There are 2 protein chains.
Amino acid sequence: MVSKADKARADKGDSAGEVDPGVLASFIGYAMKRAYMTIHTDFLASLEHLGLRPGTFSALTIIVDNPDISQSQLARALAIERSGVVLIVDHLEGRELIGRHRVPGDRRAYALRATLAGRRLRDAAVEAIRRHEARVLASLSEEEQAALRGLLARVI
Amino acid sequence: MVSKADKARADKGDSAGEVDPGVLASFIGYAMKRAYMTIHTDFLASLEHLGLRPGTFSALTIIVDNPDISQSQLARALAIERSGVVLIVDHLEGRELIGRHRVPGDRRAYALRATLAGRRLRDAAVEAIRRHEARVLASLSEEEQAALRGLLARVI
DNA sequence: TATTGTTATACTCTATAACTATA
DNA sequence: TATAGTTATAGAGTATAACAATA
């Protein structure tokens, strides 16, 4: 059965669903991208109220879990260039979420450490992300989530 | 046993592996991002010799599979703004991979159609991507690839 | 009034290269 | 010579807003 709205859209050649994904649908990478984008959009929204973006959250949580990490080590952990880390660390330091401390014995490097406010914000973000993941993966059972996790790990 | 190189790195605090992923490792979204990035990097490399990027490839293959699609429809299919489509279509048209044809009865819109060269380049890209996927998913059996595909579809 | 395509503009993320100070 | 951090700059991708032509 074709609804009036469907017919109107079909007549105008204007339905989003009418576009054939074609060969794209046969690529597992296409499904991966769509799933990633779906999750990522909700992920962004779930962190927005805390003033965090993916890059700032990742950096903050790694610093919390690795006290006295250097900027170069952080760059490798985030898989970005050191020049990019400077901007993120500037931002986090400006918000007093982390501090740049001197390293005894190497005056080139900084030892990055989260402040109390930084640890608290990280914990709040983790809670927000747990709620986000529960929301986004609601259609999968515990077993299926574990299976997905395992398959993704095998790809990496 | 600790190798000389490992010891040197440990002494310098310089091993990439020494950074604790911490709570990040407990997020399925983190595994998804890493798997997506791994695949995406190889995907980019697999299209480079054809002069295609993800955006230009996606647009080209959708145009091939949907002759006479409009730019607005293409924008919805790619989930980007119409202004972005203009640039991609300009590029593909400049390389004579597609043509902008007039639509009888609506002088506002274009009907996009791939040229012979466009269809051939699309087919070559599909072959390159099939090789890329075989490479990237080599660690998974056919059944596991199907399982991954199904789980990703459920997330979308 | 609404839609199609277009232009101008800006923002985010990331990379490259050159620089300084230290090692 | 090599490394840690910094700065300046540029590129890709995308978004927003305003516009002309057409519906």
Side-chain angles (χ1 to χ4, degrees), chain A residues 8-9 11-16 33 36-37 40-41 43-44 47-48 51-59 63 68-94 98-112, chain B residues 5 8-9 11-16 19 33 36-37 40-41 43-44 47-48 51-59 63 68-94 98-112:
Chain A
R9 270 187 257 115
D11 288 343
K12 291 173 60 189
D14 198 27
S15 162
K33 178 167 190 171
Y36 172 69
M37 290 307 182
H40 192 245
T41 299
F43 177 75
L44 284 180
L47 286 183
E48 193 182 16
L52 290 172
R53 306 269 306 164
T56 48
F57 167 72
S58 301
I63 293 167
D68 288 339
I69 190 176
S70 73
Q71 291 186 192
S72 290
Q73 287 175 303
L74 183 55
R76 281 190 293 273
L78 296 174
I80 64 175
E81 292 298 312
R82 283 172 301 148
S83 58
V85 167
V86 174
L87 305 180
I88 293 175
V89 168
D90 281 351
H91 174 85
L92 293 174
E93 189 185 33
I98 66 167
R100 281 175 162 114
H101 300 270
R102 302 299 345 182
V103 175
D106 189 342
R107 293 193 301 176
R108 295 172 303 178
Y110 286 125
L112 305 176
Chain B
R9 270 187 259 114
D11 288 346
K12 292 173 61 186
D14 198 26
S15 164
V19 174
K33 178 166 190 172
Y36 172 69
M37 291 305 182
H40 191 246
T41 299
F43 177 74
L44 284 180
L47 287 183
E48 193 181 16
L52 290 172
R53 306 268 307 163
T56 48
F57 166 72
S58 301
I63 293 167
D68 288 340
I69 190 175
S70 72
Q71 292 186 190
S72 290
Q73 287 175 302
L74 183 56
R76 280 189 293 273
L78 296 174
I80 62 175
E81 292 298 313
R82 284 170 301 152
S83 57
V85 167
V86 174
L87 305 180
I88 294 175
V89 168
D90 281 350
H91 175 85
L92 294 174
E93 189 186 34
I98 66 167
R100 279 174 162 113
H101 301 269
R102 301 298 347 180
V103 175
D106 189 341
R107 294 193 299 177
R108 295 173 302 180
Y110 286 124
L112 305 176

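Just so we're on the same page: letters track the sequence lines, and every chain starts at 1. A quick note: this is a predicted structure, and the numbers were derived from the prediction, not measured.
Of the possible polar contacts, none joining the A/Thr56 side chain to the A/Leu52 backbone as a donor-acceptor pair under 3.5 Å is found.
Rounded to whole angstrom, the span from the CG atom of A/Leu74 across to the C1' atom of D/dA4 amounts to 13 Å. Across the protein-nucleic acid pair, A/Ile88 atom CD1 and D/dT7 atom C1' stand 16 Å apart, rounded to whole Å. The nearest whole Å value for the distance from the CD atom in A/Gln73 to the P atom in D/dA4 is 9 Å. Atom-to-atom, CD of B/Glu81 to C1' of D/dA17 comes out at 11 Å; the value is rounded to the nearest Å. Remark: P of D/dG13 and CZ of B/Phe57 are 15 Å apart, rounded to the nearest angstrom. In this entry the distance linking CG of A/Leu44 with P of C/dC13 reads 9 Å, nearest Å. Taking atom CD1 on A/Ile80 and atom C1' on D/dA4, their separation rounds to 15 Å, with Å as the unit. Here C/dT12 presents its C1' atom at 16 Å from CG of A/Leu52, a figure rounded to the nearest Å.
Each of B/Val86, B/Val85, B/Leu92 was checked for a side-chain contact (heavy atoms from CB on, under 4.5 Å) with B/Ile88, and the lone residue meeting it is B/Leu92.
The residue among A/Gly84 and B/Arg108 whose nearest nucleotide of DNA chain D is located toward the 5' end is A/Gly84. If B/Val86 and A/Arg82 are placed on DNA chain C by their nearest nucleotide, the residue sitting closer to the 5' end is B/Val86.
When the nucleotides C/dT6, D/dT6, C/dC13 are ranked by their closest atom to the side chain of B/Tyr110, C/dT6 comes out on top. When each of D/dA12, C/dG5, D/dT6 is scored by its nearest atom to the side-chain atoms of A/Gln71, the top-ranked nucleotide is D/dT6. Out of D/dA8, D/dG5, C/dG5, the shortest distance to the side chain of B/Ser70 is found at C/dG5.
In the interface, the side chain of B/Ser72 is not paired with the base of C/dT3 through any donor and acceptor atom under 3.5 Å apart. If you check distances only, the side chain of B/Ser83 does reach the base of D/dT16 with a donor-acceptor pair under 3.5 Å.
Contact check, B/Arg100 against C/dT6: a side-chain N or O comes under 4.0 Å of OP1 or OP2. Listed pair B/Arg53 / D/dG13 meets the phosphate criterion, a side-chain N or O lying under 4.0 Å from OP1 or OP2. Under 4.0 angstrom from either OP1 or OP2 of C/dG5 there lies no side-chain N or O belonging to B/Arg107. Under 4.0 angstrom from either OP1 or OP2 of C/dG5 there lies no side-chain N or O belonging to B/Arg102.
Residues A/Leu47 and A/Arg53 have side chains not in contact (no heavy-atom distance under 4.5 Å, counting atoms from C-beta outward).
The aromatic rings of B/Tyr36 and A/Tyr36 lie parallel to each other, their planes meeting at an angle below 30°, with 60° marking the opposite boundary.
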Per-pair distances, 0.1 Å, donor-acceptor, side chain in residues 100-107 of chain A, under 3.5 Å, sequence neighbours excluded:
unit_1, atom_1, unit_2, atom_2, d
A/Arg100, NE, A/Gln71, OE1, 3.0
A/Arg100, NH1, A/Asp90, OD1, 2.9
A/Arg100, NH1, A/Glu93, OE1, 2.6
A/Arg100, NH2, A/Gln71, OE1, 3.2
A/Arg100, NH2, A/Asp90, OD1, 3.0
A/His101, ND1, A/Arg113, NH2, 3.2
A/Arg102, NH2, A/Arg107, O, 2.8
A/Arg102, NH2, A/Ala109, O, 3.3
A/Asp106, OD1, A/Arg108, N, 3.0
A/Asp106, OD1, A/Arg108, NE, 3.2
A/Asp106, OD2, A/Arg108, NH2, 3.2

